[in-house]
Protein chains: 2
Amino acid sequence: MEKTNTAYETILHVASEIFYKKGLAGARMQEIADLAGINKAMLHYYFKTKEQLFNQVFEKAFFSFSSRIAEVLNSEEPLKIKISNYVDHTIDALKLNRGILIFVIYELNVNPERITELFAGKGNVDFSIFKKQVKAESKNEVNADMLFTDMVALCIYPFIAQPILKKMMNKDEIAYRDFLEERKSWIKSTLISRL
Amino acid sequence: MEKTNTAYETILHVASEIFYKKGLAGARMQEIADLAGINKAMLHYYFKTKEQLFNQVFEKAFFSFSSRIAEVLNSEEPLKIKISNYVDHTIDALKLNRGILIFVIYELNVNPERITELFAGKGNVDFSIFKKQVKAESKNEVNADMLFTDMVALCIYPFIAQPILKKMMNKDEIAYRDFLEERKSWIKSTLISRL
DNA sequence: GTCTATAAGCAGATAGAC
DNA sequence: GTCTATCTGCTTATAGAC
């Protein structure tokens, strides 16, 4: 599929891969230029500075997480359906690309002030809706903060610790993918048993 | 190698703080020297290269996690006690220093080959003991891989995502610390209900 | 828009006196 | 062990021709 991407988009794409792997300080403009098939001068023509390029990459990456969370928290679905959807979508997405997860976690902690900036922008998540719903749809007066924290934790941790868990549990690539797939129903049953 | 020097210890300590915050590529030898109260030449006298210093810092940080996990997995305690101890110790330790967590996660993913090296060394964790114990002490034929993954996930995620969770849940420093404390019993009850 | 060449500055590492 | 001065190479960024 030969879609003529603009140079701008091509750069953003390859820059993502480099920044995911090496972070802001470790990435090299030369390497990004090489991967994009242009030279450094052209790269600086499209993005004045490295930081500027980095910011574009980060915002895009962050948005891919916050939008999914916002979707779950703000939709009209019943709670159990919401949870089930979140688990499935998150695990499927991270199976395709877990590099983005480490990247966002790291940068969010290296530069936490950025969060304020990003949260002020569009697509804000409204936690109060979720809280009300938990109150209405659970029988056990579940703490919504705990439930939400668990939901995200159980889904993303196996990707964060993937290299070390694979090693510890002695699983190869295929066995680990099966493990991740199995976790979907395991997580759902854990979360729903709390309601 | 004789490493009983005070300067040696001081350097390792301040280097940790810098590397935790900025990673290998982002850290500056000058900054480490300044914080340690020496100059760059002296720094290179004690640690020939930046990588060498980094490796020492990383191994120490990694060991602080793996030793606690090994302790839990290999001890003679009943399963429920083990789990309870792990939750308490992990949350207490991370309350004091969460920077180390982000650091280890990042470097473990940036350079996963390092794991092989470290796992081959001392203090290796033996997962099979834990597996046998779960089989013996649980009534529901619980999947030990899942249980272990959940245990770690539920404890460390609130520290990984601390800045963003604080923002989302609208908690200040004190409220967040209370939340973390509350999680101890919440997590234990979640895990034990699975057994 | 695209390129070559180069400026400007920084960071890791060493030489060598004391 | 400790210091000053310096080397060397790399990296971002720009100037300017086409």
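In what follows, chains carry the letters A, B, and so on, assigned in the order in which the sequence lines appear, proteins first and then strands, with residues in each chain numbered from 1.
- Ion pair A:K95/A:E181 flagged as a salt bridge, since at least one NZ, NE, NH1 or NH2 atom sits closer than 4.0 Å to an Asp/Glu carboxylate oxygen.
- In this structure, A:L43 atom CG and D:dT12 atom P are separated by 9 Å, rounded to whole Å.
- Counting any heavy atom pair closer than 4.0 Å across all strands shown, A:M29 reaches sugar-phosphate atoms only and no base atom.
- The separation between B:Y45 atom OH and C:dG16 atom P is 18 Å, rounded to whole Å.
- Of the candidates B:F65, B:F62, B:F54, B:F159, B:F103 forms a ring-ring contact (aromatic ring centres under 6.0 Å, His included) with just one, namely B:F54.
- Computed from coordinates, the B:R28 CZ to C:dG9 P distance equals 17 Å when rounded to whole Å.
- Nearest-nucleotide assignment on DNA chain C puts the 5′-proximal partner with A:Y46, out of A:Y46 and A:K40.
- Between the CG atom of A:D34 and the P atom of D:dT11 there is a distance of 12 Å, given to the nearest Å.
- Counting non-hydrogen atoms under 4.0 angstrom, B:A27 reaches the backbone sugars and phosphates but no base.
- Nucleotide C:dA11 holds its P atom 14 Å from the CG atom of B:L24, rounded to whole Å.
- For A:H89, the side-chain contact (heavy atoms from CB on, under 4.5 Å) criterion is met by A:R68, A:N85, not counting sequence neighbours.
- Under the 4.0 Å criterion applied to side-chain N and carboxylate O atoms, A:K166 and A:E173 are assigned as salt-bridge partners.
- Distance, A:M42 CE to D:dA15 P: 16 Å, rounded to whole Å.
- Rounding to whole angstrom units, CG of residue B:L53 and P of C:dA11 are separated by 16 Å.
- Distance NZ (B:K48) to P (C:dA11): 21 Å, rounded to an integer number of Å.
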